[in-house]
Chemist: 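Take this structure, written in C-alpha cells, and hold onto it; I'll ask about it next.
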Amino acid sequence: MTTPVKRITMSKPFCALAGVGPYALAKAGEVYEDMALRGRRIVSKMSREAAQEFEETAHELEDLSRTARQQERQERETVAQTPGRARAASRA
C-alpha cells in the first residue's frame with residue numbers, strides 16, 4: 001500500500017496540484033475581497049438612492065401640506081368675509 005501512495009505523491013500531476021493549492025487559496029481570497037468590495041459599493045449606492053428618494057418624498061409632502069394649509073386659510077377668510085345672511089344660507 002505504501003508504494004502506490006508514494007508513487008502517486010511523487011507523480012508530476014500530484015506535485016503540480018500540490019503547488020497550485022496556495023495559489024488557488026490566494027486567488028480565492030482576491031475574489032472574495034473583490035466581491036466584498038463590489039457588494040459594499042452596491043449597498044452604499046442603494047442607500048444613497050433610497051435616502052435621496054426619501055428626501056424628495058418628504059419635500060413633496062411638505063409642499064402638499066403647505067398648499068392644503070393655504071387653501072384652508074383662504075376658505076376660512078372667504079367664510080369670514082361673507083355677510084351674516086349669506087353665510088347662514090350657505091351653511092344650509
Side-chain angles (χ1 to χ4, degrees):
M1 182 90 168
T2 337
T3 308
V5 171
K6 189 173 184 180
R7 242 186 274 152
I8 291 172
T9 60
M10 297 306 286
S11 70
K12 288 182 183 178
F14 179 82
C15 290
L17 286 175
V20 170
Y23 173 76
L25 190 58
K27 205 59 167 162
E30 288 177 27
V31 170
Y32 174 80
E33 287 299 320
D34 184 48
M35 295 298 284
L37 180 62
R38 288 181 187 186
R40 285 191 292 270
R41 285 181 186 157
I42 289 170
V43 168
S44 178
K45 179 182 177 184
M46 297 308 291
S47 295
R48 271 193 311 274
E49 289 177 5
Q52 191 173 21
E53 187 176 335
F54 180 76
E55 187 176 352
E56 290 170 3
T57 302
H59 287 301
E60 289 173 10
L61 289 173
E62 187 178 23
D63 291 343
L64 286 172
S65 176
R66 185 179 304 116
T67 302
R69 284 193 310 266
Q70 288 173 347
Q71 287 177 347
E72 187 178 296
R73 191 178 314 116
Q74 288 173 350
E75 288 173 3
R76 274 187 272 146
E77 289 172 359
T78 302
V79 169
Q81 292 172 357
T82 306
R85 287 181 161 235
R87 198 174 350 159
S90 65
R91 286 188 207 162

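Count residues from 1 along the sequence.
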Chemist: Supply the members, apart from Met46, of the Ile/Leu/Val/Met/Phe/Trp/Tyr cluster built from side-chain contacts under 4.5 Å; use none for a lone residue.
Modeler: Ile42

Chemist: Just jot down the side-chain hydrogen bond (donor to acceptor under 3.5 Å, both in side chains) partners of Thr57, sequence neighbours excluded, or say none.
Modeler: none

Chemist: I'd like to check the salt bridge (charged side-chain N to carboxylate O under 4.0 Å, His left out) partners of Glu62; sequence neighbours left out, ordered by chain and number.
Modeler: Arg66

Chemist: Once salt bridge (charged side-chain N to carboxylate O under 4.0 Å, His left out) is applied, what residue pairs with a partner in residues 18-27 remain, sequence neighbours excluded?
Modeler: Lys27-Glu30

Chemist: Met35: which other cluster members, linking ILVMFWY side chains closer than 4.5 Å, directly or transitively?
Modeler: Val31

Chemist: Output all residues satisfying salt bridge (charged side-chain N to carboxylate O under 4.0 Å, His left out) with Arg40, sequence neighbours left out; order by chain, then residue number.
Modeler: none

Chemist: Between CD of Glu60 and CG of Leu64, what distance do you get to the nearest 0.5 Å?
Modeler: 7.5 Å

Chemist: Please tabulate, for side-chain N and O atoms in residues 74-81, each donor-acceptor pair with protein atoms closer than 3.5 Å (sequence neighbours left out).
Modeler:
residue: Arg76; atom: NH2; partner: Glu72; partner atom: OE2; Å: 3.3
residue: Thr78; atom: OG1; partner: Gln74; partner atom: O; Å: 2.8

Chemist: Going by the side-chain hydrogen bond (donor to acceptor under 3.5 Å, both in side chains) test, which pairs reach into residues 45-55, not counting sequence neighbours?
Modeler: Ser44-Arg48

